[in-house]
Amino acid sequence: MPVEDSAANGASNNNDGKTNDAPETFGDKVGVIVPPPDIKVIVDRTAEFIGRLGKPFEREVMNRNAGNKQFQFLYPDNHYHAYYLDMIKQAQSGELKARKAREEKEKAEKAAADEQAKEDERKRKEAEAKKKRTLKEKLYLQLAKLKVTEEKLEEVP
């Protein structure tokens with residue numbers, strides 16, 4: 001694994017030789033830039049396999065995808081390489097699997113909550129429609145009673 005210097009860890013040198021400690025990050029870790037979703041999927045999946053199958057598999061992937069821009073993260077000079085290495089470490093430690101399970105659980109819970117909300121909305125609309133029907137029926141009954149009363153009034157004399 002390559003040794004990272006202070007610039008790779010997020011600190012950058014100014015022209016006057018002083019270091020700037022501002023992190024260069026968009027993720028949780030300093031110096032690690034999280035790729036956009038379309039590339040992130042590829043990086044995560046590749047790192048998962050490399051974590052399981054090792055460096056020989058990494059070399060094979062590099063050889064097969066040498067000209068493919070989606071696999072440039074495999075090379076140390078790419079700005080997503082630190083993220084890729086971090087994902088390999090997580091895959092090897094089991095942390096990646098746990099995170100995936102947690103994300104799947106959250107996704108399933110959200111889907112269940114969405115489904116419950118849809119069901120509640122459907123029931124509310126159904127009850128509202130029933131209430132409208134009931135009011136309409138009551139109105140028709142009242143009109144019918146008025147007609148009956150009116151007919152009785154006409155018959156009385």
Side-chain angles (χ1 to χ4, degrees), residues 1-140:
M1 194 168 291
V3 177
E4 297 178 3
D5 61 358
S6 63
N9 287 328
S12 59
N13 290 330
N14 293 336
N15 291 340
D16 57 1
K18 296 179 183 177
T19 60
N20 179 6
D21 292 329
E24 194 178 306
T25 181
F26 296 105
D28 295 338
K29 298 184 181 185
V30 176
V32 176
I33 300 172
V34 178
D38 58 331
I39 301 295
K40 185 179 182 298
V41 171
I42 297 168
V43 174
D44 290 350
R45 194 75 171 145
T46 304
E48 186 179 339
F49 280 110
I50 305 277
R52 239 185 311 138
L53 302 173
K55 288 291 183 181
F57 183 71
E58 181 183 46
R59 282 191 293 277
E60 180 66 29
V61 172
M62 289 171 90
N63 290 337
R64 287 186 182 183
N65 297 290
N68 191 339
K69 289 186 178 189
Q70 292 181 324
F71 285 87
Q72 293 303 305
F73 63 86
L74 293 167
Y75 301 98
D77 58 339
N78 187 277
H79 48 279
Y80 301 134
H81 189 70
Y83 175 81
Y84 163 68
L85 293 176
D86 190 49
M87 289 297 103
I88 290 175
K89 286 179 189 174
Q90 288 182 24
Q92 290 171 338
S93 70
E95 187 179 331
L96 185 61
K97 198 173 191 178
R99 189 180 80 206
K100 271 185 152 181
R102 189 172 54 250
E103 288 172 355
E104 286 296 320
K105 182 181 177 187
E106 289 170 359
K107 188 177 177 182
E109 288 172 352
K110 184 183 181 314
D114 289 347
E115 189 62 36
Q116 183 63 44
K118 284 180 185 178
E119 181 64 22
D120 291 346
E121 180 66 14
R122 186 191 63 74
K123 286 180 180 179
R124 186 193 63 76
K125 285 182 178 179
E126 188 177 286
E128 190 176 296
K130 185 177 180 180
K131 184 178 179 182
K132 284 181 182 177
R133 281 194 308 268
T134 305
L135 289 174
K136 194 174 182 180
E137 290 168 358
K138 285 180 181 179
L139 183 62
Y140 281 132

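The figures that follow rest on heavy atoms only: side chains count, while hydrogens, waters and symmetry mates do not. Residues take their numbers from the sequence shown, with the count starting at 1.
- Taking OG1 of Thr46 as the reference point, atom CD1 of Ile39 lies at 10.0 Å (rounded to 0.5 Å).
- Heavy-atom minimum distance, Tyr80 versus Pro35: CE2-CA, 3.5 Å.
- Between Ala91 and Gly51, the shortest heavy-atom contact is CB-CA, 4.2 Å.
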Extract all donor-acceptor atom pairs below 3.5 Å that involve side chains of residues 109-117 and protein atoms in other chains or at least two apart in sequence.
| residue | atom | partner | partner atom | Å |
| --- | --- | --- | --- | --- |
| Lys110 | NZ | Asp114 | OD2 | 3.1 |
| Gln116 | NE2 | Asp120 | OD1 | 2.9 |

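- Side-chain atoms of Lys138 and Thr134, non-hydrogen and from C-beta on, do get closer than 4.5 Å to each other.
- For the pair Ile33 and Tyr83, the minimum side-chain heavy-atom distance is 4.5 Å or more.
- Tyr84 places none of its side-chain heavy atoms less than 4.5 Å from the side chain of Ile42.
- Residues satisfying the side chain to side chain donor-acceptor pair (under 3.5 Å) test with Lys123, not counting sequence neighbours, are none.
- Distance alone, capped at 3.5 Å, places no donor-acceptor pair between the Asp86 side chain and the Ala82 backbone.
- Once rounded to the nearest 0.5 Å, the distance linking CD of Gln90 with CG of Leu85 reads 11.5 Å.
- Atom CE in Met87 sits 14.5 Å away from atom CZ in Arg45 (nearest 0.5 Å).
- At a threshold of 4.0 Å, the pair Glu104-Lys100 does not count as salt-bridged, since none of the basic side-chain nitrogens sits closer than that to a carboxylate oxygen.
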If you look only at distance, which donor and acceptor atoms sit under 3.5 Å apart when one is on a side chain in residues 68-75 and the other is two or more places apart or in another chain?
| residue | atom | partner | partner atom | Å |
| --- | --- | --- | --- | --- |
| Asn68 | OD1 | Gln70 | N | 3.0 |
| Gln72 | NE2 | Asn68 | O | 3.1 |

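- Remark: Arg64 CZ is loosely packed, at most 12 non-hydrogen atoms of other residues, nucleotides or ligands lying under 6.0 Å away.
- Under the 4.0 Å criterion applied to side-chain N and carboxylate O atoms, Lys107 and Glu103 are not assigned as salt-bridge partners.
- Across all their heavy atoms, Glu58 and Ile88 have their closest contact at OE2-CD1, 4.5 Å.
- Between Lys118 and Glu121 no salt bridge is recorded (no basic side-chain N to carboxylate O distance below 4.0 Å).
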